[in-house]
Amino acid sequence: MTIHICRDFHSDFTQPNTNLYLAAIFLHSVLNYTIVGNTLFNLTGTHRVTTGASASINFGGTDNFAVKIPTASYVVSTADHGRLLALRSTLYPRHNSGIFRVLSSSVINNYLYIDYVAAPGSSPPVETNTLGFTLFLSESNFVPSASSAATGYGAFGSAQTSRIVMQSPHSSGWQVRICFESTTEKNTPNVGATMIPGFSGSSIGDFTTGTYDPRFPSEHLHQLMWKNSRTLANDVPGIGFNGSIDTTSRTRTYMWGDDSTGDFILVCRQVSSSYMDGWAGFGLASGTQFNSTVGLRTIHKLFAFGTQYTTTTKRIAWNFDPSFGADSGSFGVAFGEIGEPVTCFPSIYVYMGGQTSTTSPLIFDANASDSFILGSTELMPAELIAGTVNTLGTLNDNISTAYFKHNPRRMGLMPLARYGRANFGDFTLSTDANSSSIHLKNGVYLPWEGPPLRV
Amino acid sequence: MYEHSLKFLRALPVSISGTANNVMMAHMKLIYEFWGFCVNGGNSLLTPGGMPTSSYINMTTGFESGSNVLLASGSDGSTTLGSRIFSAPSVNWTSGSGTQFLNKYLVAWKSGSSVSDDSIYRITRIVNSSSFEVDVNSGGTPISGSRRLSFTSRSSINYRIIDLSSASILTGVAGTSYMILQLNSQAFNSNSLNAQARFMLRTGTTSLSSCGIAMSPSGSWNGSTFSDLSPELVPDTTTAGSTTSQQFEWFNSNAGFGNVSMWADQGALIMHTKGTWNTQGSFFHLEVPHRLYPQSKDPNVVCCVNSGRRGITSQNNGIANTAAHYGSGWLVPNAFDNTTLRRWNALVRSMVGCSLNSGMYTTNKAAFIATENQKQAFFNAFTLKVPILEIVLGCRTTTGSYSLGRVQLRRGAFGINNWPVGQIIGDNGEWIHVGEGILWPWDNALLFTSIFPSGV
């Protein structure tokens with residue numbers, strides 16, 4: 001289990017297009033996901049320039065940020081400037097893995113100089129002939145289509161909506177479908193793009209529509225696709241942004257992934273627009289499933305979460321709240337024992353009594369500080385709890401048109417992310433010698449142990 | 001290992017005459033007998049286990065085994081599966097008036113035993129010179145199938161016959177009388193020293209109706225002092241040793257009739273008492289919890305909540321409030337902050353993310369669900385299971401005491417208030433609901449009465 005990090009990729013191009021593109025590149029070229037099928041998202045056919053192994057990095061002096069590409073694999077040129085270089089490092093996955101913009105090149109040495117994105121004075125650890133590399137066209141070339149089907153779920157079947165299904169490196173072969181979502185979904189439920197796991201993806205980048213016939217199971221977490229419906233609101237998490245979905249704005253993207261389990265989290269950090277913040281992810285619940293039932297399979301451990309369309313300011317936060325009230329707006333999905341998607345909430349420890357708002361968990365307390373016993377910032381894992389809400393957006397769920405069914409189950413721990421005190425600097429590394437964690441916002445911490453951050 | 005096994009004192013009916021002083025003495029005697037012999041007893045009939053080797057008690061002459069208090073003892077006790085008869089031929093149970101042992105209490109145990117027959121029973125009938133009958137429902141073991149309580153088949157059982165009334169009228173105790181319990185921390189946390197807890201009588205409204213509990217995480221009692229004693233946890237106060245809050249005592253009425261319940265393993269002791277002697281139930285929960293911090297940072301953990309006359313509630317009134325509820329009255333001693341009594345909170349997983357959203361929960365409590373439909377979120381109709389949530393203790397009282405989650409309770413858990421008090425929960429009936437979603441450990445036994453017959 002190796003965690004790779006894409007640190008702080010800067011982009012001025014359209015969102016969520018760019019994040020979709022970066023996610024697909026990271027999954028495929030860094031975490032070793034394989035491609036199952038696609039519609040208008042031909043990652044390796046249309047957008048990939050070259051790929052290979054045995055690249056090297058850091059030749060000292062003015063060539064600290066040079067990546068040497070084996071000439072037998074590819075000959076660099078000025079045409080590569082502005083392109084995206086994905087590196088996979090097994091020696092320094094939190095330093096040298098990731099997606100880097102090519103700034104310049106040296107034809108003589110067959111170097112590509114990359115924007116390493118770290119604090120001044122930082123240099124990548126030297127690697128000689130150990131890096132996997134893949135060169136992609138700039139994100140400006142990724143212009144996905146959102147054309148909708150006439151009926152049912154809009155981004156399905158013959159619909160000309162850009163999507164791709166990729167298979168994780170996990171032994172179960174679980175898959176994820178990354179979809180730009182059609183204009184129908186962008187209106188209702190107002191989600192820009194989705195990343196939803198499941199099984200049995202098709203060559204055109206879809207999972208199957210749902211059925212209760214056990215002979216024909218449909219095992220994935222995309223509620224709209226499962227129900228083949230366009231009338232369900234607020235029931236698929238994604239990378240959602242307020243206002244115009246395709247806002248062009250400077251953003252900074254961070255990604256984390258485990259190349260054994262396939263777990264993945266993407267964080268989008270706003271620079272100028274106030275609504276570009278958000279985080280989304282998917283993967284496998286880890287550890288023991290409490291109150292588990294014999295017979296649960298991998299599908300029952302899969303989850304996905306995202307930041308729904310909302311005006312809240314706490315978009316990178318543990319404020320998973322089914323009511324989408326103030327300071328909330330994130331939720332997740334899982335797969336129920338009943339054989340269809342259910343809601344899923346990453347859950348933190350809250351007071352047994354006396355805590356009603358999303359702003360008052362222990363992590364937001366005014367007295368929050370580093371642990372006096374540990375001598376460091378205390379971090380705890382969240383737990384994934386499935387099937388406790390049947391109608392998102394409202395908790396008045398005594399209605400006949402509930403979108404999900406109740407099927408409560410404690411799934412296990414959420415991978416990668418931890419929660420801790422929120423009064424820590426935003427996008428700030430922990431103070432221990434190894435910089436083992438980064439605080440994003442609102443008590444969300446993710447692993448680091450990489451180079452110092454560029455401000 | 002047997003020290004992991006639970007022993008129960010299940011709603012023992014007790015009748016006490018006199019004042020709140022007498023009620024307190026009777027409770028101290030029950031704690032002494034249950035912890036010292038039923039839970040920790042060796043083969044000695046006079047020396048309790050689970051206490052330091054020297055000066056572990058300072059109550060009054062005769063409290064432990066005076067002739068008026070300890071009426072008989074022996075090691076030849078025997079019982080038969082399905083029966084409520086206790087046989088011990090070394091004592092003539094019909095001697096004297098033939099009723100001297102009637103309505104007295106049998107304290108029964110075997111050294112090293114994991115059987116929940118080890119408990120305290122009221123003697124209800126003298127059968128013959130070598131045997132008597134007890135109300136087995138205050139202890140016993142659930143019979144497979146019916147789950148009704150009964151003795152199991154055992155021999156060479158140690159026993160003490162206690163006159164609780166005589167113990168209750170002993171004089172000579174004061175507001176500094178104490179008893180020290182020692183917990184087997186090593187059995188639950190690796191490389192831990194064994195913690196100790198001092199129970200000290202305190203003056204209540206008009207008498208010794210209160211009890212303060214202080215803890216020594218390293219078990220530092222040397223016969224006269226502790227080196228690391230925590231602030232004392234008197235019910236309903238944040239000031240060490242304070243008696244100024246309204247409900248700082250266990251008993252606020254005179255004696256009469258009531259029920260006393262206890263749960264214990266060698267690292268935990270829970271007691272609940274409700275009778276005519278208090279307007280609402282009082283309880284304490286002392287245990288060696290699971291440590292969540294690394295052993296090198298936090299080697300010796302122990303925790304306690306001590307609540308007077310509030311019943312069992314999950315309330316959290318905030319750090320400035322003195323009310324000691326299960327949700328907000330805990331103390332976890334901290335060597336870095338050991339002079340001021342800090343309030344620790346009970347934390348549970350939210351079933352919907354990061355809060356108790358008022359649309360789903362009511363009354364600001366995790367146990368109270370807003371609508372009937374939403375209660376379906378807490379019962380899985382597919383698997384016929386309910387989620388049982390662990391309880392973690394954290395602190396936010398001051399910057400210097402802040403903790404997200406330092407320990408996890410072994411003998412407490414949490415659910416919702418949708419169940420009645422006394423509902424047995426879990427695949428093996430391993431929890432019992434005691435109110436407001438709070439679960440205490442159980443062994444799937446079926447009771448003829450409520451777990452709290454006199455009220456919560």
Side-chain angles (χ1 to χ4, degrees), chain A residues 290-291 293 317-323 325 328 330-331 336-338 345-363 365-375 378-380 383 385 387-390 394-399 406-410 419-421, chain B residues 293 297-298 313-318 325-328 334 336-337 345-361 364-367 370-374 376-383 385-388 391-392 394 396-406 414 437:
Chain A
F290 296 94
N291 314 134
T293 300
W318 291 105
N319 293 36
F320 293 91
D321 184 337
S323 70
S328 65
S330 298
F331 78 101
E337 297 151 314
I338 52 175
F345 287 88
S347 172
I348 67 175
Y349 285 114
V350 301
Y351 300 118
M352 184 184 286
Q355 179 179 325
T356 54
S357 85
T358 56
T359 59
S360 62
L362 198 59
I363 60 175
D365 197 272
N367 289 325
S369 67
D370 284 357
S371 163
F372 53 90
I373 294 177
L374 297 174
E378 183 181 357
L379 301 180
M380 300 273 281
E383 183 180 352
I385 297 182
T388 55
V389 176
N390 64 354
T394 174
L395 291 175
N396 180 19
D397 62 350
N398 190 20
I399 56 177
H406 281 135
N407 190 202
R409 175 168 57 93
R410 301 179 70 181
Y419 70 91
R421 64 184 180 96
Chain B
Y293 292 173
K297 296 285 188 180
D298 198 15
T313 74
S314 57
Q315 189 76 6
N316 172 16
N317 286 340
H325 299 273
Y326 208 76
S328 61
N334 161 36
F336 297 96
D337 186 15
N345 287 107
L347 310 173
V348 296
R349 295 286 187 189
S350 167
M351 295 296 282
V352 289
C354 72
S355 74
L356 308 179
N357 187 288
S358 58
M360 187 154 191
Y361 297 95
N364 300 343
K365 295 181 181 179
T371 70
E372 285 300 317
N373 193 298
Q374 286 162 359
Q376 300 308 312
F378 296 84
F379 175 71
N380 188 321
F382 184 80
T383 61
K385 291 182 183 293
V386 295
I388 299 172
I391 297 174
V392 167
R396 60 180 178 130
T397 311
T398 66
T399 300
S401 62
Y402 183 80
S403 170
L404 274 183
R406 183 178 170 195
F414 192 74

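Throughout, a chain's letter reflects where its sequence line sits, starting with A, and its residues are numbered from 1. All heavy atoms count here, side chains included; hydrogens, waters and symmetry mates do not.
The backbone N or O of B/Met351 lies less than 3.5 Å from a partner atom in the side chain of A/Thr388, making a donor-acceptor pair. Put simply, the side chain of B/Arg349 gets close to the backbone of A/Ser347: a donor and an acceptor are under 3.5 Å apart. A donor-acceptor pair under 3.5 Å is absent between the side-chain atoms of A/Arg421 and the main chain of B/Leu404, judged by distance alone.
B/Tyr293 and A/Glu378 share a side-chain donor-acceptor pair at under 3.5 Å.
Nearest heavy-atom pair across B/Tyr402 and A/Ser369 is CD2-O, 3.0 Å.
Under a cutoff of 6.0 Å and an axis angle of 45°, B/Arg396 and A/Tyr351 form a cation-pi pair.
Summarising the geometry, atom CZ belonging to A/Arg409 is positioned 8.5 Å from atom CG belonging to B/Asn380; distances are rounded to the nearest 0.5 Å. For the atom pair B/Asn345 CG and A/Tyr349 OH, the distance stands at 14.5 Å (nearest 0.5 Å). Between atom CZ of residue B/Arg406 and atom CD1 of residue A/Ile373 there is a gap of 3.5 Å, rounded to the nearest 0.5 Å.
Annotation: maximal heavy-atom pairing with chain B below 4.5 Å, among A/Gly420, A/Gly375, A/Ala368, occurs at A/Ala368. In terms of heavy-atom pairs under 4.5 Å with chain A, the best-connected choice from B/Asp337, B/Thr399, B/Val392 is B/Thr399. Among B/Ala381, B/Gly327, B/Gly400, the residue with the largest count of heavy-atom pairs under 4.5 Å with chain A is B/Gly400.
Considering only heavy atoms from C-beta on, A/Phe372 comes within 4.5 Å of B/Ser401 through its side chain.
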side-chain contact (heavy atoms from CB on, under 4.5 Å) between B/Leu347 and A/Val350, intermediate numbers included: CA-CA 5 Å; B/Leu347 310 173; A/Val350 301; over 6 Å; no
